[in-house]
Amino acid sequence: MVVAYPDAMTFEQPLPKSLSPSRLADFQTCPRRYQHASVERIPQPASYATAKGRFVHYIFEQLMKLEAPARSIDAARSFIEPARQEVLTAQVREEIGLDDDAEARLLSETQVILERYFVLEDPRTVNSEGIEMRIAVTVDDTPLFGILDRLDRDDDGNLVIVDYKTGSLPNRDYDSQTFANAELYAVLCEQKLGERPTRIRLLYVAHGEAIERPVSEPVIRARADAATSAWAKINRYYADGEFPATPSRNACRFCAYTELCRSRGVPVPPR
Ligand code: SF4
């Protein structure tokens, strides 16, 4: 279902200067979500899941910044308190209603994640060329920007994109969307570094499992084309003053804008 506004809007805000893999995913899920998040810049309140994701990412980032021999599980645990200070701000605590019980749960889940992560890989053996790498490139007139969790060099000398996932494992017959963000990062890396990563590793740290996929020329081309096509549509919708809504149970279930959409007449399905 595609729902348009009865009257097109004139946006007061400029378009973002670039497109990131996560914002591309927003747009592909529902252009109206992109409008609210990236054009109107309506803040999305933190959720327990997003706060936990940032919390764990912070710990891994600090761990990987250490010299390789120092990357022990005790070192990782030592970053829990700094993560509380850095990530669990008063605003985040309020947004997610983090009471003592919820905070104890988050800390306990983090301990489990760290234990499972150290079974999944030994960070002392990781040869990382970049941590939280900020990459900006232009591909076919489309400005792209992203922050990559990790870019490793494997034993064969090849680049590997590594992405930490704190959520659920995908189904065994996972679809192409599972790797979509990381494959777009492969486009960014190739453009920026002149070298194509050969593999993607998604680390599902809460489950102690990794899933991998090789990177190929057709994949790179398809992801670049998808981003270019989306950017052209974003510019067109912006000029038209209307980003269509494509409500569906899957798209709207985790969306922060359900009430706003309903108030603007979009038939958002109940959760
Ligand atoms: S609530 Fe649904 S229709 Fe509205 S922006 Fe979110 S995904 Fe799109």
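Along the sequence shown, the residues carry numbers beginning at 1. Indexing begins at 1, ligand by ligand and atom by atom, following the structure's order.
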Tell me if the aromatic rings of F60 and F55 count as close, with their centers under 6.0 Å from one another. no
Using a 4.0 Å cut-off to any heavy atom of T258, which atoms of ligand 1 qualify? 1 (S)
Count the heavy atoms of every other residue, nucleotide or ligand shown that sit under 6.0 Å from CZ of R124, and state whether that count exceeds 12. no
Residue portion contacting ligand 1 (non-hydrogen atoms closer than 4.0 Å) for C261: side chain
Flag for Q35-E40: side-chain donor and acceptor within less than 3.5 Å: yes
Axial cation check for Y48 ring with R105, 6.0 Å and 45° limits: yes
Considering only non-hydrogen protein atoms, determine which one is nearest to atom 2 (Fe) of ligand 1 and report residue, atom name and distance to 0.1 Å. C252 SG, 2.3 Å
Residue part near ligand 1, for P247, under 4.0 Å between non-hydrogen atoms: both
For atom 6 (Fe) of ligand 1, find the nearest protein heavy atom and state the residue, atom name and distance (0.1 Å precision). C255 SG, 2.3 Å
Residue, atom name and distance, where the atom is the protein heavy atom closest to atom 7 (S) of ligand 1: A251 O, 3.6 Å
Can you tell me if C30 has an N, O or S atom under 2.8 Å away from atom 2 (Fe) of ligand 1? no
Taking backbone and side chain together, does H36 place any N/O/S atom at a distance below 2.8 Å from atom 6 (Fe) of ligand 1? no
Within the side chain of D152, is there an N or O that forms a donor-acceptor pair under 3.5 Å with the backbone of D154? no
Is the ring pair Y117/Y164 parallel, tilted or perpendicular, if the boundaries are 30 and 60 degrees? perpendicular
